[in-house]
Amino acid sequence: MSTDILFRPISINGMSLRNRIVMAPMTRVFATDEGVPTPSMAEYYKRRAAGEVGLIVTEGVFVDHPSAGYDRNIPALSTPAQLEGWRQVTRAVHGAQGKIAAQLWHVGRQRTIRKAPYPDAPTLSSGDVRSRIPSSSGTPFARPRAMTFDEIHETHAAFARSAAMAREDGFDGVEVHGAHGYLVDQFLWEGANNRTDEYGGSLTSRMRFAVELVSAIRKAVGPDFPILFRFSQWKADDYHARIAESPEDLGIVLNALREAGVDSFHASQRDHAEVSFPPSPLNLAGWAEKLTGLPAISVGKVALSGEFTSTFRGEESEPRPLDEVLAQMERGDYSLIAVGRALIGDPELPKKLREGRFHDLVPFRRDMLQTLD
Ligand SMILES: Cc1cc2nc3c(=O)[nH]c(=O)nc-3n(C[C@H](O)[C@H](O)[C@H](O)COP(=O)(O)O)c2cc1C
């Protein structure tokens, strides 16, 4: 099957991309103890830009708020040293003709404090509902406290500050991490949001936090800076959870976010081939693009046989052809495709696909997560 569809240039709010292959955000935990990106991280991203990735979305980056993070070796966008570290990353990526967006992250209740950058800061969430699962380290998550109105506004301001810093620092855009059951998603999802004020209850109240957040970022970065928004139905602590039971509900949320300033939706699925609202053949990104008219990014199990959550459980994946992705994109379902683990396996994946060298791809192996190559 021809891969030409992947190599048609596209522009998102003035950000021109050479192709439609996006590097999915992947937390690697290789920053210094002060959350500063290192020269090895700059090289890691530069290799993917040199391998012709259209847009790199960074690993999740903690925003400028003491409650945002759970691990001091995950980078943040807050201190002068962190900004300088990221400046080296954006320079390196631009030097290889790449584009890079920072994924802005606040973990909310999915927070352990043992390695947190600010262990004394409170664990804040939409409500006071504790996560049902242990963290990946096996340490229990801290008990969350529902944010006060002041804390909600402070958190919006923290996202806006980090987004403005990203722009100053040379990033080409930002992505709000609104997926997988982290803070923004804790407001969207009724399983974590037990508020009774205007930020909880009905769908339109639950989405208020995210909509105000995007408005605050838009105000801080100006009209001509791309804002991507990542969302998902599934949560790290509940694979069967849904924020929208119907396309109508999904349209209400996504269009309110679009009006607040989102330029592109990144619809996170563990498997891009899964349809979202049967009998329609559309996956979640297909629905996002159809409902909003904005270019959407799909993701999940591209070029691999197993889901990324299986990798964390110890399974290996086999390489897999891209037929389903190409068919979905040929049909016009969605505009861009994000690739996670397969780009850890082979930084040159886009270049090799462009040259028709699928069989030269270096397959992803689980042990590759131990190093930053
Ligand atoms: C090591 C690793 C770290 C990840 N960290 C993040 C993250 O920081 N933010 C995020 O939104 N998703 C994260 N994800 C999910 C990926 O962005 C992606 O959605 C997932 O890996 C599925 O794509 P794949 O099947 O191509 O790997 C991570 C995945 C992996 C494997």
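Numbers here are sequence positions counted from 1. All ligand and atom numbering here is 1-based and tracks the order in the structure. Remember, it's a predicted structure, so these values are computed and weren't measured experimentally.
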Taking distance alone, with N or O pairs closer than 3.5 Å, would you say [X] contacts ligand 1?
X    : value
R28  : no
E59  : no
F308 : no
W105 : no
A24  : no
F312 : no

With a 6.0 Å cut-off on ring centres, are [X] and [Y] close enough?
X    : Y    : value
H156 : F209 : yes
W105 : Y70  : yes
F149 : Y199 : yes

Run the numbers for me: atoms of ligand 1, each under 4.0 Å from some heavy atom of [X], listed by number.
X    : value
Q103 : 7 (C), 8 (O), 9 (N), 10 (C), 11 (O)
G60  : 8 (O)
V299 : 19 (O), 23 (O)

**Asked** Hey, is E307 touching ligand 1 through its side chain, its backbone, both or neither, going by heavy atoms under 4.0 Å?
**Response** neither
List the closest protein heavy-atom neighbour of [atom]: residue, atom name, distance to the nearest 0.1 Å.
atom                    : value
atom 3 (C) of ligand 1  : T27 N, 3.3 Å
atom 26 (O) of ligand 1 : G340 N, 2.8 Å
atom 28 (C) of ligand 1 : P25 O, 3.7 Å
atom 27 (O) of ligand 1 : R341 NE, 2.7 Å

Any salt bridge between [X] and [Y], counting N to O under 4.0 Å?
X    : Y    : value
D197 : R208 : no
D71  : K115 : yes
D64  : R161 : yes
K352 : D346 : yes

**Message:** Check for me whether R270 meets the cation-pi criterion with Y239, that is, NZ or CZ under 6.0 Å from the six-membered ring centre and within 45 degrees of the ring axis.
**Reply:** yes
**Residue among K235, H177, Q233, H180 satisfying side chain to side chain donor-acceptor pair (under 3.5 Å) with D185** = K235
**Prompt:** Would you say A342 contacts ligand 1, with heavy atoms under 4.0 Å as the rule?
**Reply:** no
**Fill in**
Min over R230, R366, Q269 of heavy-atom distance to atom 18 (C) of ligand 1 lands on R230
**Asked** Does the side chain of T79 pick up a donor-acceptor pair with the side chain of E34 at under 3.5 Å?
**Response** no
